[in-house]
Amino acid sequence: MNILNNKLSVSLALVLIVLCGCSEKAVDTHSVRSDTDEIIFNIGDQNSDNSTDSQNEHSSESDIYSEMISSMTVEEKVGQLFFIRPEQLIDDSYVDDESIVGEDGEGATYVSDNFIEMYSEYPVGGFVLFAKNIEYPEQLISFTNDLKSIGKIDTLIAVDEEGGIVTRLAGNENFNLPYIGTMESIGLTGDVTNAYDAGDAIGEYLSDYGIMWDLAPVADINTNPDNRVIGNRSFGSDPQLAAKMVRSYIDGLHDHGVKSTLKHFPGHGDTTDDTHTGNVYVEKTWDELLQAELIPFAENLDVTDAVMTAHITLPNVTDDDLPCSLSYVMITEKLRGELGFEGVVICDSLAMGGVTDRYTSGEAAVMAFEAGCDVLLTPQNFYEAYRGVLDAVNSGEITQERLDESVRRILILKEPLIKEVKQ
């Protein structure tokens, strides 16, 4: 079923394009409205020769994103980098309010007029929902529809819905959803079909509620019995089995069009401390990581849509003493260069103690982006982080080429959304 089919908003300005898929050609012509211009995208020719399909599809896709990016202001491009909690866009007087980054305060559950006004100034790329944003099915459908269509480029709605102890929707008693056991319990079965079933079930209900990006699965292996962060969120301590489980879980998500995220690169399973509260060090060398922790990541980079970086520091891999999320060595040289990942890199929440204990929100956002991150996740002070990146672009510290590179990746991640026609 698809609860959203008849629920899509028909309100604000549109991004109207059709992207070429792997098994079919997109042939419609749609338009994108900017503040001052209307740009028409001509995508393919319905009668083009089959022998040139692949070349035409690649060219059309490239042209689509180039046109989209060229129509965006610098402010809109910088906004696309940020995925934030809805509360962070209610009022900029809440910038340091702990109730925003915690689960105890009141959550935003609908799009208010003030919310829309704030979005017009800070056009973020997407929103991450937490338990306090989710009340009951009708509310969630309305909320995701309104969030998605708030601007001229659809926002992408994300959630941490791993199964086990991390379930924002299935943990809500107002939703009659299947409870997925811990990934550890699935790993213990040794049957990858069970991992697929978990991803399939989660992907089905997320897509039904308009949430098209799952910040899952956990690809960490649980190699340290004293680990306080991963534990039973992992498929286990066997890296090869974990890699197979992760792949099957992703297949389940993908069968419902839900995007996946491998986390927490390069592996959080051998830690004892918690990056939510402070600095965490892993003493392993890169070669040691390649033999264990990195296997579930490396073997699934060809299927995942995104990789989330951890705030762990690796003194025997880098000499910069930076958390992985802020390290050019770890992201650009290792993840992208050596391992060859070309998709979206998202940092773990920039509101976590592993970052905030050492850097301001503005510093951390700029450092994460310069290190190679595309998506800057829930900074502690969103407004400071946004202005920090914008200032770095305007000063030339961050080049337009580098900014466009990440915006392109984010737009590609949104492809199933931006191809929809809203009239």
Side-chain angles (χ1 to χ4, degrees), residues 1-12 83-91 94 97-119 124-151 154-182 197-217 233 252-253 255-261 349 377-378 416-417 420 422:
M1 69 177 175
N2 191 337
I3 299 174
L4 295 179
N5 281 345
N6 297 318
K7 299 287 187 177
L8 291 174
S9 170
V10 293
S11 53
L12 307 173
F83 279 61
I84 64 174
R85 291 172 176 257
E87 294 78 34
Q88 294 184 284
L89 208 60
I90 293 176
D91 186 330
Y94 287 90
D97 192 340
E98 285 298 319
S99 68
I100 286 180
V101 298
E103 287 306 303
D104 296 333
E106 182 177 352
T109 56
Y110 67 96
V111 174
S112 65
D113 290 341
N114 186 65
F115 191 101
I116 294 172
E117 182 179 348
M118 293 298 293
Y119 179 87
V124 297
F127 298 94
V128 183
L129 302 187
F130 289 80
K132 65 182 180 179
N133 306 117
I134 299 167
E135 295 181 327
Y136 51 89
E138 294 79 10
Q139 171 268 331
L140 182 57
I141 291 171
S142 177
F143 194 30
T144 57
N145 282 345
D146 290 345
L147 286 175
K148 172 178 172 289
S149 59
I150 195 172
D154 284 350
T155 61
L156 183 60
I157 314 302
V159 71
D160 288 286
E161 191 79 5
E162 301 171 7
I165 62 174
V166 182
T167 50
R168 314 300 188 196
L169 276 73
N172 187 318
E173 62 184 12
N174 293 323
F175 290 75
N176 184 24
L177 296 173
Y179 173 74
I180 307 301
T182 66
D197 290 343
D200 178 63
I202 291 171
E204 180 176 19
Y205 68 72
L206 289 185
S207 64
D208 285 344
Y209 288 103
I211 301 170
M212 303 309 295
W213 189 10
D214 193 6
L215 304 182
R233 297 166 65 191
L253 292 179
D255 279 351
H256 298 279
V258 174
K259 304 295 185 177
S260 63
T261 311
S349 171
L377 183 65
T378 59
L417 291 176
E420 291 181 7
K422 295 181 294 179

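The analysis underlying the following values was restricted to heavy atoms, covering all of them including side chains, and did not include hydrogens, waters or symmetry mates.
- In this structure, OG on Ser260 lies 12.5 Å from CD1 on Ile202, to the nearest 0.5 angstrom.
- Interatomic distance, Ser207 OG to Asp214 CG, rounded to the nearest 0.5 Å: 11.0 Å.
- The minimum heavy-atom distance linking Thr378 with Ser349 is given by the pair OG1-OG, 2.8 Å.
- Every residue two or more places apart in sequence or in another chain that forms a salt bridge (Lys or Arg N to Asp or Glu O under 4.0 Å) with Asp160 is listed here: Arg168, Lys263.
- With Asn172 contributing its side chain and Ile134 its backbone, the two residues share a donor-acceptor pair below 3.5 Å.
- When every heavy atom of Pro178 is checked against every heavy atom of Ala170, the shortest pair comes out as O-CB, 3.8 Å.
- Interatomic distance, Asp208 CG to Thr144 OG1, rounded to the nearest 0.5 Å: 10.5 Å.
- Side-chain contact between Trp213 and Ile157 is absent, with no heavy-atom pair separated by less than 4.5 Å.
- Residues Asn133 and Thr109 come closest through the heavy atom pair O-CG2, 4.0 Å.
- A heavy-atom distance below 4.5 Å is not found between the side chains of Asp146 and Phe115.
- Here the NZ-CD1 distance, from Lys259 to Ile211, works out to 16.0 Å after rounding to the nearest 0.5 Å.
- Side-chain atoms of Thr155 come within 3.5 Å of backbone atoms of Leu147 as a donor-acceptor pair (strictly under, hydrogens ignored).
- In plain terms, the two heavy atoms of Leu253 and Ala216 that are nearest each other are CD1-O, 4.0 Å.
- Taking Tyr205 as the reference, Glu161 meet the side chain to side chain donor-acceptor pair (under 3.5 Å) condition, with sequence neighbours excluded.
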Chi angles and distances behind the side chain to side chain contact (heavy atoms under 4.5 Å, CB included) call for Leu169, Leu140: CA-CA 10 Å; Leu169 276 73; Leu140 182 57; 3.8 Å; yes
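- At a threshold of 4.5 Å between non-hydrogen side-chain atoms, the residues Ile84 and Val128 do not count as touching.
- Residues Tyr110 and Ser142 have side chains not in contact (no heavy-atom distance under 4.5 Å, counting atoms from C-beta outward).
- For Arg85 and Phe127, the positive end is not near the middle of the six-membered ring at less than 6.0 Å and at most 45° from its axis.
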Verdict with supporting geometry, Asp113 and Glu117, side chain to side chain contact (heavy atoms under 4.5 Å, CB included): CA-CA 6 Å; Asp113 290 341; Glu117 182 179 348; over 6 Å; no
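- Under the side chain to side chain contact (heavy atoms under 4.5 Å, CB included) criterion, Tyr136 pairs with Glu138, Gln139, Asn174, sequence neighbours left out.
- At least one side-chain heavy atom of Met212 sits less than 4.5 Å from a side-chain heavy atom of Leu156.
- Phe143 is linked by a ring pair (Phe, Tyr, Trp, His ring centres under 6.0 Å) to nothing, counting only residues two or more places apart in sequence or in another chain.
- Checked against ring pair (Phe, Tyr, Trp, His ring centres under 6.0 Å), Tyr119 has no partners two or more places apart in sequence or in another chain.
- Under the side chain to side chain donor-acceptor pair (under 3.5 Å) criterion, Thr167 pairs with no residue, sequence neighbours left out.
- Under a 4.0 Å N-O distance rule, the pair Glu162/Arg233 qualifies as a salt bridge.
- No side-chain heavy atom of Phe130 sits less than 4.5 Å from a side-chain heavy atom of Pro86.
- Residues Leu215 and Val159 are not in side-chain contact: their nearest non-hydrogen atoms beyond the backbone lie 4.5 Å or more apart.
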